[in-house]
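All remarks here apply to the structure that follows.
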Amino acid sequence: MNNIAHRYGLQSFGKPNLLCAALVLFMLTGPLVGSESTPWGRLLMYAVLSAVFITGPLSASRTRAELWVTCGLALLVLSSGLMSYLFADAAVIATAFGVLFFGLMARQVGRQLMEVNSEVNTQTLWTAINFYILIGLFFAFLYAAVAIYDHHAFVGKFMDQPLRDQLYGFVYFSFVTLTT
């Protein structure tokens, strides 16, 4: 059990299986809601993303400083993502903070995997699944950053959409690349 989550009385939210559920739900919500979503669909997507931003830092942070940094990055990703509906340039900022957040989360979860003793239990398996998904999301945001830098780096139907709506195309591309 994570000491940070336990110290703040949030141990039920700091479990790897809840982070995994939030990550999988986040990846499934976008295609189900669609890029031309209603305000309720967007609200649902941001609610699920908020669940990732709550369970992620609580399950992966080892120190108070790590918790504050990951929570701060999560807040920056969420707020700049919401601002991208008002200002198109905010999507660039959200992408940069998304790369930092998911990269840091993948690093923290990967560090937890490296500290596992010879005994593998269900917590270890949940942590490994989380690491795989976080690596995929890190590369999805990294691909989005590359697309911002070079508009001709990727080709596809999803590239005709605004940047904030291209994320799920990059998630698809990232996981196809990871599985091959």
Can you measure from CG (Leu134) to CZ (Arg107) and round to the nearest 0.5 angstrom? 13.5 Å
Minimum heavy-atom distance Val99-Ala145, with the two atoms named: CG2-CB, 4.4 Å
Can you get from Leu113 to Leu137 by hopping between Ile, Leu, Val, Met, Phe, Trp and Tyr side chains that sit under 4.5 Å apart? yes
Atom of Cys71, atom of Pro57 and distance for their closest heavy-atom approach: SG-CB, 3.9 Å
Approximate separation, where rounding is to 0.5 Å, of Phe97 CZ and Leu75 CG: 10.0 Å
Can you see which heavy atom on Gly136 is nearest to which on Leu178, and at what distance? CA-CD1, 3.5 Å
Separation between CG of Leu49 and CG of Leu44, rounded to the nearest 0.5 Å: 11.0 Å
Start with the C-alpha gap between Phe173 and Val176, add the side-chain angles, then the distance that decides, and say whether side-chain contact (heavy atoms from CB on, under 4.5 Å) holds. CA-CA 5 Å; Phe173 182 69; Val176 166; 5.7 Å; no
Indicate whether the side chain of Thr124 and that of Asn121 have a donor and an acceptor atom separated by less than 3.5 Å. yes
Take Tyr132 and Phe175 through the side-chain contact (heavy atoms from CB on, under 4.5 Å) test and state the conclusion after the steps. CA-CA 9 Å; Tyr132 183 79; Phe175 281 97; 4.0 Å; yes
Would a hydrophobic clustering, with Ile, Leu, Val, Met, Phe, Trp and Tyr connected at side-chain separations under 4.5 Å, put Met27 with Tyr172? no
Minimum heavy-atom separation for Thr95 and Ala144, please, with both atom names. CG2-CB, 3.7 Å
Nearest 0.5 Å please: distance from the CZ atom of Phe138 over to the CD1 atom of Ile135. 7.0 Å
Separation between CG (Leu73) and CZ (Phe102), nearest 0.5 Å, reads 10.5 Å
Count I, L, V, M, F, W, Y as connected when their side-chain heavy atoms are under 4.5 Å apart, and connections chain through other members. Are Leu28 and Ile133 then in the same cluster? yes
Linked, directly or transitively: Leu19 and Leu125 (ILVMFWY side chains, under 4.5 Å): no
Taking every heavy atom of Gln112 against every heavy atom of Ser59, the minimum-distance pair comes out as NE2-O, 2.8 Å
How many angstroms lie between CH2 in Trp68 and OG1 in Thr63, if you round to the nearest 0.5 Å? 12.5 Å
Report the C-alpha distance between Leu142 and Phe139 in whole Å, list the side-chain angles of each, state the deciding distance to 0.1 Å, and finish with yes or no for side-chain contact (heavy atoms from CB on, under 4.5 Å). CA-CA 5 Å; Leu142 195 61; Phe139 277 106; 4.0 Å; yes
For Phe170 and Tyr143, take the angle between the two ring planes, folded into 0 to 90°, and tell me which bin it lands in: parallel under 30, tilted 30 to 60, perpendicular over 60. tilted
Quick one: closest heavy-atom pair of Gly98 and Val77, and the distance? N-CG2, 3.5 Å
Hydrophobic cluster membership, with links at side-chain heavy-atom distances under 4.5 Å among I/L/V/M/F/W/Y: are Val109 and Val24 in one? yes
Take Met105 and Asn130 through the test side-chain contact (heavy atoms from CB on, under 4.5 Å) and record every step on the way to the result. CA-CA 9 Å; Met105 287 298 303; Asn130 289 339; over 6 Å; no
